[in-house]
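Atoms within a ligand are numbered from 1 in the order they appear, just like the ligands themselves. Keep in mind the model is a prediction, meaning the values are calculated, not measured.
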Amino acid sequence: MILMKDIVRDGDPVLRQVAQKLTFPLSDHYRKLADDMMEYLVNSQDPKIAAKHQLRAGVGLAAPQVGEGVSMAALLVPDDKGEIIFKEVYVNPEIISESVRKTCLGEGEGCLSVDKVIDGYVPRPNKVTIHYWTVDGEEKTIRLKGYPAIVSGHEIDHLNGHLFYDRINKENPFALDEDTIVIY
Ligand code: NI
């Protein structure tokens, strides 16, 4: 199982590289990687398992974060009651369209690969259309808004070598367009 010691931290070049696209059928190695990444997220959101293995809670994990420079990311997004509202492993995902209107988390974002807290709003499109393949090679196009769109943006950023704090306004970390939706 993936543990915190397996998670690549900011400063490692793999986090700044554009991930390689995968080809189908996926090898057993990458199918297992998908399972392992999702297992980390499930375990990390279970208070008992997380405490036992000292896992930091996560809602998304991209392959470069475990040292694999390929275009795959797992998402396990709960609502504010802890019910899972979005669960998927993206392979070769791309945001093919996005709203002009932005949204962001009122508490800012964090990342399993970034150990320090970095304050500031991380504005992202409020609505996105994502094209991707499933682990089984099924091609999909989905529309997401709000929190699942934010998490998807964060993970797809990882696959393009970007980290969340790249999107924070350097002069004024809490500057926002006036119509930005802030999620609390
Ligand atoms: Ni991250």
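Near-neighbour remark for the Ni ion (ligand 1): protein N, O or S atoms under 2.8 Å are C111 SG, H154 NE2, H158 NE2; waters not counted.
Closest non-hydrogen pair, D166 versus H162, comes out as OD2-CA, 3.5 Å.
Here ring-ring contact (aromatic ring centres under 6.0 Å, His included) pairs that include residues 88-124, with residues two or more places apart or in two chains, are Y90-Y132, Y121-F174. Pairs of residues two or more places apart, or lying in two chains, that qualify as salt bridge (Lys or Arg N to Asp or Glu O under 4.0 Å) and include a residue from residues 36-49 are K32-D36.
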Show me the side-chain donor-acceptor pairs of residues 53-60 shorter than 3.5 Å, one per line, residues at least two apart or across chains.
| residue | atom | partner | partner atom | Å |
| --- | --- | --- | --- | --- |
| R56 | NH1 | C111 | O | 2.8 |
| R56 | NH1 | V114 | O | 3.2 |
| R56 | NH2 | C111 | O | 3.2 |

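Counting heavy-atom neighbours within 6.0 Å of K87 NZ, excluding the residue itself, gives a total of 12 or less.
Formation of a donor-acceptor pair under 3.5 Å by the T180 side chain with backbone atoms of T103 is not found in this model.
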